[in-house]
**Student:** 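Got a structure for you, questions after.
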Amino acid sequence: MSDSALPKLEVADIIQALDGVCNSKVDTTGSTKPLLECVVSGVLRGAAVLLGTDGSQVRDTEEYVALIKKLIANDIVVLAIGYPVQVALDAGLIAAEAKELCGAGLKRVCELAQIPPVLPLGGLENVGNVVTIATALCNDSGLTVPQLPVVGCDAAGVTAQAVELGNTFAGLGVDTFIGIMPYEGTLEEVFAASGLKNGPDATQTISADLDELSDALIADIEKKRAAIAI
């Protein structure tokens, strides 16, 4: 499936759906505040933006699916862009029934908002929507992007585009996690050779083990939560 044919939710669609988790008589609707309330209360731990190009030739799809399932089981909502949309679609994770694979908090959000745990944002040409969502979250919360319990992840392997995306996310202040293939030499040498660079307020983590990478991603979200005392 080409990127242009991937299922896609607009930012407005997501915000409207999340109004379903709030009390319309007392809560603010039409903003990211319902999502923020879910995060602050701990119902949701945070969000992971999964993005990248077709990694089917370099990464076992089952590993990728296992990473996504681990995230949603830990109450982390997933925003997918590009290849991860196809992976999640094929695995049935962009379906209402996927709520049964979620932690109790994310499952409840899925039920109330009538959304799947993996929200498809279409092809990579829509990556700017992540900036739109992050900006809205900052405006509604008073936090900066590096403070948000949000991470980026490209689990399919380091390609030139993955490096560009990783560096862009890190530059914006989003900690990013990159899956790489088995390597020789030290991790520091592999990082340097890849062209990946940390941002002024964000780091990039690489690992050939996607289970290890998902653990690091979850720990990063929890660290960010602790830093803002939620």
**Student:** Got a second to check how far Asn126's CG is from Leu6's CG, nearest 0.5 Å?
**Tutor:**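 Between atom CG of Asn126 and atom CG of Leu6 there are 9.0 Å.
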
**Student:** List the residues meeting salt bridge (Lys or Arg N to Asp or Glu O under 4.0 Å) with Asp215, not counting sequence neighbours, and say none if there are none.
**Tutor:**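 Asp215 satisfies salt bridge (Lys or Arg N to Asp or Glu O under 4.0 Å) with Lys70 once adjacent residues are dropped.
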
**Student:** Can you pull out every salt bridge (charged side-chain N to carboxylate O under 4.0 Å, His left out) where at least one residue sits in residues 87-99? Sequence neighbours excluded, please.
**Tutor:**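 Every salt bridge (charged side-chain N to carboxylate O under 4.0 Å, His left out) pair that includes a residue of residues 87-99, provided the two are not neighbours, is Lys99-Glu111.
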
**Student:** Report yes if some heavy atom in the side chain of Thr176 is under 4.5 Å from a heavy atom in the side chain of Asp154; otherwise report no.
**Tutor:**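 No. Closest side-chain heavy atoms not under 4.5 Å.
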
**Student:** Just to verify, what does Glu62 make a salt bridge (Lys or Arg N to Asp or Glu O under 4.0 Å) with, not counting sequence neighbours?
**Tutor:**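 Glu62 satisfies salt bridge (Lys or Arg N to Asp or Glu O under 4.0 Å) with no other residue.
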
**Student:** When you group the ILVMFWY residues by side-chain heavy-atom contacts below 4.5 Å and let the links chain together, are Leu172 and Val163 in the same group?
**Tutor:**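 No; Leu172 is not reachable from Val163 via cluster members.
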
**Student:** So which atom in Pro34 and which in Leu18 form the shortest heavy-atom distance, rounded to 0.1 Å?
**Tutor:**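 For Pro34 and Leu18, the tightest heavy-atom pair comes out as CB-O, 3.4 Å.
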
**Student:** Do you know which two heavy atoms are closest between Ala113 and Ala17, and how far apart they sit?
**Tutor:**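 Taking Ala113 first and Ala17 second, the nearest heavy atoms are CB-O, 3.2 Å.
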
**Student:** Could you check whether any side-chain heavy atom of Cys153 comes within less than 4.5 Å of a side-chain heavy atom of Leu217, counting everything from C-beta outward?
**Tutor:**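 Yes. Closest side-chain heavy atoms under 4.5 Å.
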
**Student:** Drop me the distance from Thr205's OG1 to Asp220's CG, to the nearest 0.5 angstrom.
**Tutor:**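 Output value for this atom pair is 7.0 Å.
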
**Student:** Could you list the residues that satisfy side-chain hydrogen bond (donor to acceptor under 3.5 Å, both in side chains) with Thr144, not counting sequence neighbours?
**Tutor:**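 For Thr144 the side-chain hydrogen bond (donor to acceptor under 3.5 Å, both in side chains) partners, ignoring immediate neighbours, are Gln147.
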
**Student:** Sorted by first residue and then second, give each salt bridge (charged side-chain N to carboxylate O under 4.0 Å, His left out) pair with at least one member in residues 169-178; sequence neighbours left out.
**Tutor:**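 Pairs touching residues 169-178 that pass the test: Asp175-Lys224.
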
**Student:** Dump the intermediate steps for side chain to side chain contact (heavy atoms under 4.5 Å, CB included) on Val130 and Leu79, then the final yes or no.
**Tutor:** CA-CA 9 Å; Val130 176; Leu79 304 177; 5.6 Å; no

**Student:** Compare all side-chain heavy atoms of Asn129 with those of Glu10 and state whether any distance is below 4.5 angstrom.
**Tutor:**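 Contact flag for Asn129/Glu10 side chains = yes.
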
**Student:** Taking the side chain as C-beta and beyond, is there a heavy-atom pair between Leu89 and Pro7 under 4.5 Å?
**Tutor:**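 In contact.
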
**Student:** Holding to side-chain hydrogen bond (donor to acceptor under 3.5 Å, both in side chains), I want the full list of residues that pass it with Asn167, two or more places apart in sequence or in another chain.
**Tutor:**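 In terms of side-chain hydrogen bond (donor to acceptor under 3.5 Å, both in side chains), with neighbours along the sequence ignored, Asn167 is linked to Gln204.
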
**Student:** Is Leu148 close to Ser141 at the side-chain level, that is, under 4.5 Å between some pair of heavy atoms?
**Tutor:**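 Heavy-atom side-chain distance check passes, below 4.5 Å.
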
**Student:** Heavy atoms only: give me the nearest Val85-Pro120 pair and the separation to one decimal.
**Tutor:**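 Minimum heavy-atom contact is CG1-CB, 3.8 Å.
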
**Student:** Just to verify, what does Leu112 make a side chain to side chain contact (heavy atoms under 4.5 Å, CB included) with, not counting sequence neighbours?
**Tutor:**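 Residues passing side chain to side chain contact (heavy atoms under 4.5 Å, CB included) with Leu112: Val21, Arg108.
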
**Student:** So, do Phe191 and Ile178 sit near enough that their side-chain heavy atoms are less than 4.5 Å apart?
**Tutor:**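 No - every pair of side-chain heavy atoms lies 4.5 Å or more apart.
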
**Student:** Taking only residues two or more places apart in sequence, or in another chain, which ones meet Glu100 in a salt bridge (Lys or Arg N to Asp or Glu O under 4.0 Å)?
**Tutor:**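 Counting only residues at least two positions away or on another chain, Glu100 forms a salt bridge (Lys or Arg N to Asp or Glu O under 4.0 Å) with Lys107.
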
**Student:** Between Val151 and Ile76, is the side chain to side chain contact (heavy atoms under 4.5 Å, CB included) condition met? List the steps.
**Tutor:** CA-CA 10 Å; Val151 298; Ile76 296 171; over 6 Å; no

**Student:** Checking the side chain of Asp140 only, and the main-chain atoms of Thr32 only, is there a donor and an acceptor separated by less than 3.5 Å?
**Tutor:**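 Confirmed, Asp140 side chain pairs with Thr32 backbone.
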
**Student:** Do the side chains of Val131 and Val49 join up, straight or via other hydrophobic residues, at under 4.5 Å, putting them in one cluster?
**Tutor:**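 No; tracing contacts between hydrophobic side chains, which count when under 4.5 Å, never links both residues.
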
**Student:** Just do the side chain to side chain contact (heavy atoms under 4.5 Å, CB included) check on Asp13 and Lys8 with the steps written out, would you?
**Tutor:** CA-CA 10 Å; Asp13 298 329; Lys8 175 188 175 185; over 6 Å; no

**Student:** Side chain to side chain contact (heavy atoms under 4.5 Å, CB included), that's the test. Do Phe169 and Val150 meet it? Break it down for me.
**Tutor:** CA-CA 11 Å; Phe169 267 48; Val150 176; over 6 Å; no

**Student:** Can you give me the closest heavy-atom contact between Val109 and Cys38, atom names plus distance?
**Tutor:**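 For Val109 and Cys38, the tightest heavy-atom pair comes out as CG2-SG, 3.9 Å.
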
**Student:** Ignoring hydrogens, what is the shortest heavy-atom contact between Arg225 and Pro149? Give both atom names and the distance.
**Tutor:**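 Taking every non-hydrogen atom into account, CG-CB, 4.1 Å.
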
**Student:** Within a strict 4.5 Å, meaning less than it, do heavy atoms of the Leu44 and Leu106 side chains meet?
**Tutor:**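 Yes - at least one pair of side-chain heavy atoms lies under 4.5 Å apart.
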
**Student:** Checking Glu222 now: which residues fulfil side-chain hydrogen bond (donor to acceptor under 3.5 Å, both in side chains) with it, not counting sequence neighbours?
**Tutor:**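 Scan of Glu222 (side-chain hydrogen bond (donor to acceptor under 3.5 Å, both in side chains), adjacent residues dropped) gives Arg45.
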
**Student:** Check whether any side-chain heavy atom of Val118 sits under 4.5 Å from a side-chain heavy atom of Leu50, and report yes or no.
**Tutor:**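 Side chain of Val118 against side chain of Leu50, heavy atoms only: no contact under 4.5 Å found.
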
**Student:** Quickly, which of Cys102, Cys110, Pro116 forms a side chain to side chain contact (heavy atoms under 4.5 Å, CB included) with Ile72? Name it, please.
**Tutor:**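 Checked Cys102, Cys110, Pro116 against Ile72; only one passes side chain to side chain contact (heavy atoms under 4.5 Å, CB included): Cys102.
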
**Student:** Identify whether Ile68 and Leu124 are in the same connected component of the hydrophobic contact network (ILVMFWY, side-chain heavy atoms under 4.5 Å).
**Tutor:**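 Linked, Ile68 and Leu124 end up in one cluster.
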
**Student:** Please find the pair of heavy atoms, one from Leu9 and one from Leu121, that lie closest to each other, and give the distance.
**Tutor:**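 Of all heavy-atom pairs spanning Leu9 and Leu121, the closest is O-CD2, 3.4 Å.
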
**Student:** Kindly compute the distance separating OG (Ser31) from CG (Asn139), expressed to the nearest 0.5 Å.
**Tutor:**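 The OG atom of Ser31 sits 10.5 Å away from the CG atom of Asn139.
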
**Student:** Listed by chain and number, what are the side-chain hydrogen bond (donor to acceptor under 3.5 Å, both in side chains) partners of Ser207, not counting sequence neighbours?
**Tutor:**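 Glu212.
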
**Student:** Which residues satisfy the ring-ring contact (aromatic ring centres under 6.0 Å, His included) test with Tyr64, sequence neighbours excluded?
**Tutor:**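 Partners of Tyr64 by the ring-ring contact (aromatic ring centres under 6.0 Å, His included) criterion, ordered by chain and then number, come out as Tyr83.
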
**Student:** Residues two or more places apart in sequence or in another chain: which of them pass side chain to side chain contact (heavy atoms under 4.5 Å, CB included) with Ala208?
**Tutor:**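 Residues passing side chain to side chain contact (heavy atoms under 4.5 Å, CB included) with Ala208: Ile180, Tyr183.
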
**Student:** In Å and rounded to the nearest 0.5 Å, what is the CG to CD1 distance from Leu196 to Ile206?
**Tutor:**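 It comes to 6.5 Å.
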
